[in-house]
Novice: 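One structure follows; several queries about it will come next.
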Amino acid sequence: MNFLDHHDQQVTADMLPCAETDPEMFHSTDAKDEAFAKGVCSTCFLQVSCRQRAREERRWGTWGGETEAERAEAGYAPKY
Ligand code: SF4
């Protein structure tokens with residue numbers, strides 16, 4: 001999974017907790033998968049900027065510790 005182009009900062013994959021996990025967990029709407037992804041994001045130093053970028057780009061899945069449904073509730077539903 002490549003998150004490097006989603007951030008303004010210079011980062012390497014080994015700095016991102018999600019790089020060590022199954023990408024499917026971040027693109028699932030299953031509650032267990034979302035909880036897992038949120039837990040991973042909670043340890044990431046890019047959580048705030050990642051969440052904001054996902055909102056701006058109206059992404060699918062869990063980003064920055066925010067699920068797709070939570071993002072939609074905040075007014076940033078995914079593009080269709
Ligand atoms: S906040 Fe989550 S999805 Fe975003 S880079 Fe960090 S671990 Fe990956």
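In listed order, ligands and their atoms are each counted from 1. Only this structure's heavy atoms are used, side chains among them; waters, hydrogens and symmetry mates stay out.
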Novice: Would you check, one step at a time, whether the test side-chain contact (heavy atoms from CB on, under 4.5 Å) holds for Asp22 with Phe36?
Specialist: CA-CA 10 Å; Asp22 180 357; Phe36 175 83; over 6 Å; no
Novice: Rounded to the nearest 0.5 Å, how far apart are CZ of Arg59 and CZ of Arg71?
Specialist: 8.0 Å
Novice: Please determine if atom 8 (Fe) of ligand 1 has an N/O/S atom from Cys18 lying under 2.8 Å away.
Specialist: yes
Novice: With a cut-off of 4.0 Å, which atoms of ligand 1 are near a heavy atom of Cys44?
Specialist: 1 (S), 5 (S), 6 (Fe), 7 (S)
Novice: Could you tell me whether Lys38 and Glu70 have a side-chain N and a carboxylate O separated by less than 4.0 Å?
Specialist: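 Salt bridge: yes.
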Novice: Which is it for Cys50 and ligand 1 at heavy atoms under 4.0 Å: side chain, backbone, both or neither?
Specialist: side chain
Novice: State the atoms of ligand 1, each with its element, that fall below the 4.0 Å cut-off from a heavy-atom position in Gln47.
Specialist: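 Atoms satisfying the 4.0 Å criterion: 1 (S).
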Novice: For Met25, is there any backbone N or O sitting under 3.5 Å from a side-chain donor or acceptor partner on Ser28?
Specialist: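 Pair absent, no side-chain N/O of Ser28 close to backbone of Met25.
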Novice: Does Cys41 bring an N, O or S atom to within less than 2.8 Å of atom 2 (Fe) of ligand 1?
Specialist: yes
Novice: Looking only at atom types and distance, does a side-chain atom of Arg51 sit under 3.5 Å from a main-chain N or O of Gly64, one as donor and one as acceptor?
Specialist: yes
